[in-house]
Amino acid sequence: MTFNVLLQYILPHRALSRVVYWATRWTFKPWKDFLIGTIVRNYQVNMAEAAQPDPLAYQHFNAFFTRKLRADARQADVDPTALLSPADGKISQMGRIVDGRIFQAKGQEYTAAELLGDDASAAPYRNGSFATIYLSPRDYHRVHMPLKGTLRETVHVPGRIFSVAPFAVEAIPRLFARNERLVCHFEGEHGPFVAVMVGAILVSSVATVWDGLVIPPYASSIRRKSFAGQNITLDRFAEMARFNMGSTVILLFPEGMAELDTLAPQEAVKVGQRLGQLVSH
């Protein structure tokens, strides 16, 4: 076990994340300008794509990190049957779900039931498909819809807040099924699908367009919230949520609903880019 991996087990995840949560919202100009400038320089952030291109014009670091893009900075694939990337980032893994098991990295896998919080919710995805996308600090941190869907339920699953950087994904067993996460269940025109917002150390904060800030507070037990009858329908490519700092999004589709393209691990993707295609019924 490397030192970096060992730290993931011994660091006080939630305490550190709470400190970072407040530190990234401090409006003291020297502080926020230092943080923003450091990220822009070290990660070569393309501010020309932002609706507000001046990085020091943001009220605090989190406002910069969750910045809105120009309207013409991203477009959805023109094929209406194309499944869209929900985020800017890199492909961690994507492919088939085999007998309920999802591939994490070499030598690592976890189950759909573990990820979603129960067996019944995972049943439609037993032999479906998945796409896991990792967002780095340089990326746009708003998450969009891969296809049109009506929100049925959210499930806030408690857990650890391990790093989701590639070194941790390769070394920590069942990482995505152990981290704090928000599971969003949708019903689409071709069937159900799931978008999972996975938290990570220092960055475990998730907000949705329908509920605002959801994490924190952190959960001590599974929290379910039904949206049945509320008619919350989001169009394909519409914004659905954001990470207050970055993490990972996992999409699940049931068997026979979608055919995913072949994209290699660590291949860069953008919001609206084609990940695959809906299968006609």
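We use all heavy atoms of the structure for the numbers below, so side chains are in, but hydrogens, waters and symmetry mates are not. Since we're looking at a predicted model, the values are computed, not measured. Residue numbers run from 1 in the order of the sequence given.
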(request) With sequence neighbours excluded, tell me which residues meet salt bridge (charged side-chain N to carboxylate O under 4.0 Å, His left out) with D261. (result) R274
(message) Please confirm whether the ring centroid of Y140 lies under 6.0 Å from the ring centroid of H144.
(response) yes
(request) Tell me whether the centres of the aromatic rings in F162 and Y9 are closer together than 6.0 Å. (result) yes
(request) In sequence, state the C-alpha distance, the side-chain angles, and the governing distance for T24 and N62, and then conclude on side chain to side chain donor-acceptor pair (under 3.5 Å). (result) CA-CA 5 Å; T24 55; N62 191 66; 4.7 Å; no
Can you name the closest pair of heavy atoms from [X] and [Y] and give their distance?
X: Q104; Y: I172; value: NE2-O, 2.9 Å
X: V143; Y: M197; value: CG2-CE, 3.8 Å
X: V249; Y: P86; value: CG1-CG, 4.0 Å
X: T66; Y: F243; value: CG2-O, 3.4 Å

(request) Report yes if some heavy atom in the side chain of R242 is under 4.5 Å from a heavy atom in the side chain of T208; otherwise report no. (result) no
(request) Measure the shortest side-chain to side-chain distance between I161 and R14 over non-hydrogen atoms and say whether it is less than 4.5 angstrom. (result) yes
(message) Looking only at side-chain N and O atoms, does Q277 offer a donor or acceptor that is under 3.5 Å from a partner on T81?
(response) yes
(request) Report the C-alpha separation of Q8 and S163 in whole Å, then their side-chain angles, then the decisive distance to 0.1 Å, and conclude whether the side chain to side chain donor-acceptor pair (under 3.5 Å) test is met. (result) CA-CA 7 Å; Q8 296 301 309; S163 170; 4.7 Å; no
(request) In plain terms, say whether R224 and E153 are close enough for a salt bridge, that is, a side-chain N and a carboxylate O under 4.0 Å apart. (result) yes
(message) I'd like to know if K225 pairs up with D211 as an ion pair, taking the criterion as any Lys NZ or Arg NE/NH1/NH2 lying under 4.0 Å from an Asp or Glu carboxylate oxygen.
(response) yes
(request) Could you check whether the rings of F227 and W210 sit parallel, tilted or perpendicular, using 30° and 60° as the cut-offs? (result) perpendicular
(message) Check whether Y21 forms a cation-pi arrangement with R18 (NZ or CZ under 6.0 Å from the six-membered ring centre, at most 45° off the ring normal).
(response) no
